[in-house]
Amino acid sequence: MNFRHIQTLLQQPKTTTHLLQIHSFILKTALDHHEFIISNFILASSSISIDFARLFFDNSPVIPPLFAWNTIIKGYSKSPTPLESVRLHNQLQRTTDLKPDKFTYPFVLKSCGRCSMLATGGSVHSLILKTGFDSDRYINNTLMRMYAACGNVGFAGQVFDEMSQRDVVSWSSMIAGYVTCNYPLNALSVFLDMKQAKEKPNSVTLVSLLSVCSHLVNIKMGESIHAYILTNDIRLDVSLLTALIGMYATCGYIEKAMVIFNSMKERNLQSWTIMISGLAENGRGEEAISLFNEMEKVGLIPDAMSFSGILSACSHMGLVEKGREYFDRMVKCYKVKPTMEHYGCMVDMFGRAGMIEEAYDVLRNMPMEPNSIMLRSFMSAYKNHGISRSSFDENLMKLLLKIEPEVGANYILSATVSSVSGYWSDVDDMRVAMKGIGLKKVPGCSWVQVKGV
DNA sequence: ATAGGGTTAG
């Protein structure tokens with residue numbers, strides 16, 4: 001049993017037991033101090049699970065070589081706990097003489113982005129500048145993604161502008177950055193610059209661009225991108241087809257979306273989910289529900305996004321019992337933690353069905369502060385169905401006006417609801433409240449209209 | 001000696 005032998009073993013298909021066996025060989029031959037062996041063992045075990053690899057990393061008898069640190073940092077960057085790679089990067093700097101290299105930074109940056117740690121990401125950036133790695137294209141591309149993920153697309157743009165050489169990934173990252181930060185028009189203009197620069201977009205670039213069309217609800221642009229894909233022989237992979245479905249569905253071309261979905265030879269969870277949500281949004285709840293059931297039969301595990309789709313279908317269709325069922329199934333069978341969107345669907349669903357008490361229960365018992373969409377939905381339900389109820393919670397109305405004091409429609413809603421709840425004792429009270437926040441004229445609503453409520 | 005970046009939706 002020697003070095004070469006272990007190396008060969010590590011290249012074969014690995015299972016946990018297999019790796020444990022190799023590990024005991026390593027101990028027996030005292031090769032556990034050997035840097036190259038440590039590196040390869042950590043690499044092999046990280047392909048099983050990052051936590052598994054971490055055990056060996058932590059118990060290494062010598063300080064692991066930089067390669068092993070990089071492998072672990074990379075593993076955490078795509079794990080559910082990316083913060084751990086930021087921690088390890090700190091530990092690397094504090095406790096060893098090793099210096100991070102061009103394989104360390106991309107993954108630390110990715111983790112900073114995933115954790116929205118703008119300040120930490122910025123300090124990693126200055127470290128990169130200090131150590132001269134700012135000429136590395138990969139690092140610059142991940143810097144851009146980090147800044148965009150942290151919501152600061154301006155910094156991403158600076159990195160992009162200062163890059164000495166850009167490739168298709170740089171351009172795609174810049175476009176995706178603007179999409180993430182909700183600047184679809186800027187994304188479009190970067191695409192135009194990209195064409196000027198004669199850089200050819202690939203299927204990843206086009207996925208982001210189709211999302212631009214969805215954001216702008218611009219079917220003309222969507223169709224021209226579809227045509228561009230076909231004439232330029234861009235590979236129609238699962239992601240690109242899924243993005244096309246999404247674009248057609250958001251633009252209201254649900255039939256076209258269905259045709260693409262049905263033609264797909266291979267589909268992933270996202271393809272199903274986007275089709276289900278598309279059907280739900282286009283008022284075709286029954287089909288959304290049957291597609292959801294079909295998806296489960298195929299053996300795919302629905303995620304938070306899939307449940308948003310199906311719950312919104314139930315809400316639009318007024319299928320209260322089904323909605324309750326799916327919500328329960330989501331939590332109990334699939335262990336998906338409900339997000340704001342899910343609670344929003346439930347409030348909307350109960351509210352539309354006139355079940356004010358149930359909607360109120362959801363609002364009261366959810367673990368986060370409701371957003372304005374939910375509050376408006378609840379208030380409208382109250383307005384439409386709650387006229388005879390006495391259970392109005394004026395705090396919810398106050399909260400809505402606090403979160404969104406600049407939205408005129410909220411005051412109109414408030415005025416209407418006040419006729420039921422007595423929250424605003426008279427219209428003059430509301431006038432004072434509006435003046436207090438400097439709102440003189442309600443957009444889309446004159447004082448006369450408010451008075452007339 | 002082993003390794004790296006970009007993609008969607010509510």
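Basis for what follows: all heavy atoms, side chains included, without hydrogens, waters or symmetry-related copies. Keep in mind the model is a prediction, meaning the values are calculated, not measured. Naming convention: chains lettered A, B, ... in sequence-line order (proteins, then strands); numbering from 1 in each chain.
Listed by first then second residue, pairs satisfying ring-ring contact (aromatic ring centres under 6.0 Å, His included) with a partner in residues 231-288 of chain A read A:His226-A:Tyr248, A:Phe261-A:Trp272, not counting sequence neighbours. Sorted by first and then second residue, the ring-ring contact (aromatic ring centres under 6.0 Å, His included) pairs with a member in residues 162-187 of chain A read A:Phe160-A:Trp171; sequence neighbours excluded.
Residues from residues 68-84 of chain A lying near DNA chain B, meaning a heavy-atom separation below 4.0 Å, are A:Asn70, A:Lys74 in numerical order. Annotation: proximity of residues 313-320 of chain A to DNA chain B (heavy atom, distance under 4.0 Å) is found for no residue. Using a 4.0 Å cutoff on non-hydrogen atoms, the parts of residues 189-228 of chain A near DNA chain B are A:Asn202, A:Val204, A:Thr205, A:Val207, A:Ser208, A:Ser211, A:His215, ordered by number. For DNA chain B, the residues of residues 264-285 of chain A within the heavy-atom distance limit of 4.0 Å (strictly under) are A:Gln270, A:Thr273, A:Ile274, A:Glu281, sorted by number.
For A:Ser46, there are no side-chain hydrogen bond (donor to acceptor under 3.5 Å, both in side chains) partners at least two apart in sequence or on another chain. Not counting sequence neighbours, the partners of A:Asp101 by the side-chain hydrogen bond (donor to acceptor under 3.5 Å, both in side chains) test are A:Asn70, A:Thr104. Evaluation of the salt bridge (charged side-chain N to carboxylate O under 4.0 Å, His left out) rule for A:Arg284 yields A:Glu255, A:Glu287 as partners, not counting sequence neighbours. A search for salt bridge (charged side-chain N to carboxylate O under 4.0 Å, His left out) contacts involving A:Arg364 returns A:Asp361, not counting sequence neighbours. A:Asp97 is linked by a side-chain hydrogen bond (donor to acceptor under 3.5 Å, both in side chains) to nothing, counting only residues two or more places apart in sequence or in another chain.
The side chain of A:His342 sits closest to B:dG10 out of B:dG10, B:dG4, B:dT2. Comparing B:dA3, B:dG6, B:dT8 by their nearest atom to the side chain of A:Asp101 picks out B:dA3. Nearest nucleotide to the A:Arg145 side chain, out of B:dG6, B:dG10, B:dT2: B:dG6. Here the side chain of A:Ile139 is nearest to one of B:dG6, B:dG4, B:dA1, namely B:dG4. Minimum atom distance to the side chain of A:Met305 is reached by B:dG10, of the listed B:dG10, B:dG6, B:dA1.
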Side chains of residues 30-38 of chain A: which donor-acceptor pairs under 3.5 Å do they make with residues two or more places apart or in other chains?
unit_1	atom_1	unit_2	atom_2	d
A:His34	ND1	A:Phe36	N	3.2

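Going from atom CZ of A:Phe133 over to atom C1' of B:dG4 covers 12 Å, rounded to whole Å. The distance from atom NZ of A:Lys102 to atom C1' of B:dT2 is 13 Å, rounded to the nearest whole Å. The CD1-C1' distance, from A:Ile175 to B:dT8, rounds to 14 Å in whole Å. One can place CE of A:Met368 at 13 Å from C1' of B:dG10, the figure rounded to the nearest angstrom. The separation between A:Leu66 atom CG and B:dG4 atom C1' is 13 Å, rounded to whole Å. Per the geometry, CD1 belonging to A:Ile254 stands 15 Å off P belonging to B:dA9, to the nearest Å. Rounding to whole angstrom units, NZ of residue A:Lys110 and P of B:dG4 are separated by 11 Å. Rounded to an integer number of Å, the gap from CZ of A:Arg235 to P of B:dT7 is 16 Å.
B:dG4 has no stacking from A:Phe103 on its base ring, since the centres under 5.5 angstrom apart and planes within 30 degrees of parallel are not both found. The aromatic ring of A:Phe36 sits over the base of B:dA1, with ring centres less than 5.5 Å apart and planes tilted by under 30°.
Within the nucleic acid shown, A:Ser239 comes within 4.0 Å of at least one base atom, counting heavy atoms only. Among the heavy atoms of the strands lying under 4.0 Å from A:Phe107 are primed sugar atoms or P, OP1, OP2 only; no base atom is included. Here A:Asn140 lies out of heavy-atom contact (under 4.0 Å) with every strand.
Ring geometry for A:Phe191 versus A:Tyr228: interplanar angle over 60°, hence perpendicular rather than tilted (30 to 60°).
Residues A:Arg324 and A:Asp328 are not paired through a salt bridge, judged by the lack of any N-O separation under 4.0 Å between the basic side chain and the carboxylate. Using a cut-off of 4.0 Å between Lys/Arg side-chain N and Asp/Glu carboxylate O, A:Glu223 and A:Lys256 are scored as not salt-bridged. Salt bridge status for A:Arg87 with A:Glu84: present, with a side-chain N to carboxylate O gap under 4.0 Å.
Taking 4.5 Å as the limit, some side-chain heavy atom of A:Met174 sits within range of a side-chain heavy atom of A:Val153.
The side chain of A:Arg137 contributes no N or O atom lying less than 4.0 Å from OP1 or OP2 of B:dG4.
When the options A:Tyr334, A:Phe327, A:Tyr343 are evaluated for a ring pair (Phe, Tyr, Trp, His ring centres under 6.0 Å) with A:Phe307, the one that passes is A:Tyr334.
Side-chain to base pairing of A:Ser172 with B:dG6: one donor and one acceptor N or O lie within less than 3.5 Å of each other.
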Stepwise side chain to side chain contact (heavy atoms under 4.5 Å, CB included) check, A:Arg267 with A:Thr242: CA-CA 8 Å; A:Arg267 301 175 185 131; A:Thr242 303; over 6 Å; no
